[in-house]
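Report on the structure given below.
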2 protein chains.
Amino acid sequence: MSTEARYDRMLRDAALRVTRPRRAVLAAVHAHPHADAETVMTAVRRDVGAVSHQAVYDVLRALTDAGLVRRIQPPGSPARYESRVGDNHHHLVCRSCGAIADVDCAVGEAPCLTAAEHHGFEIDEAEVVYRGLCPRCAAAPVS
Amino acid sequence: MSTEARYDRMLRDAALRVTRPRRAVLAAVHAHPHADAETVMTAVRRDVGAVSHQAVYDVLRALTDAGLVRRIQPPGSPARYESRVGDNHHHLVCRSCGAIADVDCAVGEAPCLTAAEHHGFEIDEAEVVYRGLCPRCAAAPVS
DNA sequence: GGCATTTCTTGACTCGTTCCAGAATGACCG
DNA sequence: CGGTCATTCTGGAACGAGTCAAGAAATGCC
């Protein structure tokens, strides 16, 4: 099955209509892990030509709602999208360049940590963001 | 020592000039844990009258840089500020109303968790955000 | 092929935050 | 205490990221 057919299948299985922008956004998110909306937009336009920014936002939301895409919001960054869903993995974020890497969740499902004090909250997720310097920024002298 | 004198001391100890806006912002952040910039602005203006929004942003940044205030950026929320600094505590965030509560860090200093795979990153902090429903939203029927 | 619903287009708008030139002020020094 | 200098504040503009909304275009079903 071609990747295009695969994305079409994913869309249909999620009860979503199959449209060119949707195919293109799904492909872009798969091709560019942790891309922001602007990056997705650029990739989509390179792939299928003119697509409105509104359509890209709409499609990203529809795919996120359908569980085909995960939306993360690392501090200091615009929202980012990734195709790796359902395993509650965490992220490493570089303080300097913003690079993001995945970190497997030791538990594999949310919530994976227990708050010392839950203040009466019904906790259903624990998201961990590890911050530091990526190999490249750690090797470069601070300037 | 009055609270005002206490804030003046904190500012001087951090090598920051003592100005009315600065005193007021520091007081506002102490009085309103996890307040966003807008809330801080409102409190400051109620306290000392007209203060430009630029000044509030500038002061919040100066206080954060000086370590007197901590800036957090919970997903789906504007930046928030708190006076509780230095203990690497985490947060509980309500999915529904956005309420935030502190959670002590079991380790007390960063990084408090070890990533299963660090991808060559030099990790210096692990931030945990627990998400769920606060007692109030958990008790109210979804509508 | 027609129809109904959904999706996309186009442009405007909002929110939260930053930029910038110039005025005002705090702190230091004599 | 007054002068000076560097810093901070003011007022308005601007930006980035995302949302809103009316109408045109497209998908999928029958």
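Labels below follow one simple rule: chain letters A, B, ... track the order of the sequence lines, proteins then strands, and each chain is numbered from 1.
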* **Short side-chain to backbone donor-acceptor contact, A/E117 and B/D104, under 3.5 Å** => no
* Roughly, in whole Å, what's the span from CZ in B/R12 to C1' in C/dG26? -> 10 Å
* Structure fact -> Note: contacts of residues 60-78 of chain B with DNA chain C (heavy atom, under 4.0 Å) are B/R61, B/P78
* Asked: Has the side chain of B/H53 got a donor or acceptor that lies under 3.5 Å from a partner of the other kind on the base of C/dT18?
  -> yes
* Looking at A/D87 and A/H89, what are the two nearest heavy atoms and their distance? -> OD1-ND1, 2.7 Å
* **Whether B/R80 side chain and B/P74 backbone form a donor-acceptor pair below 3.5 Å** => no
* **Distance test, side-chain N/O of A/Y57 to OP1/OP2 of D/dG18, below 4.0 Å** => yes
* To do: Report yes or no: do B/V56 and B/Y7 belong to one cluster of Ile/Leu/Val/Met/Phe/Trp/Tyr joined by side chain heavy-atom distances under 4.5 Å?
  => yes
* **Whole-Å gap separating P (C/dC8) and CE (A/M41)** => 13 Å
* Of all of residues 13-22 of chain B, which get a heavy atom below 4.0 angstrom from DNA chain D, listed by number? -> B/R17, B/T19, B/P21, B/R22
* On DNA chain D, check which nucleotide each of A/D58 and A/A37 is closest to and give me the residue with the more 5' one. => A/A37
* How close or far is atom C1' of D/dT8 from atom CZ of B/R23, stated in whole angstroms? -> 14 Å
* **Selected nucleotide, minimal atom distance to A/S52 side chain, candidates C/dT9, D/dA13, D/dA17** => C/dT9
* Comparing B/A79 and A/V56 on DNA chain C - which has the more 5′ nearest nucleotide -> A/V56
* Asked: So do B/V29 and B/L68 actually touch side chain to side chain, heavy atoms under 4.5 Å?
  -> no
* **Under 3.5 Å donor-acceptor, A/R131 side chain and B/D124 backbone** => no
* **Salt bridge present between B/D65 and B/R71 (N-O < 4.0 angstrom)** => no
* Starting from C1' on D/dT8, measure out to CG on B/L26 and report it in whole angstrom. => 16 Å
* Asked: Separation of B/D36 atom CG from C/dT17 atom P, in whole Å?
  -> 7 Å
* State, with a plain yes or no, whether a side-chain heavy atom of B/L11 is found less than 4.5 Å away from one of B/R17. => no
* Between B/H119 and A/D102, is any side-chain donor less than 3.5 angstrom from a side-chain acceptor? -> no
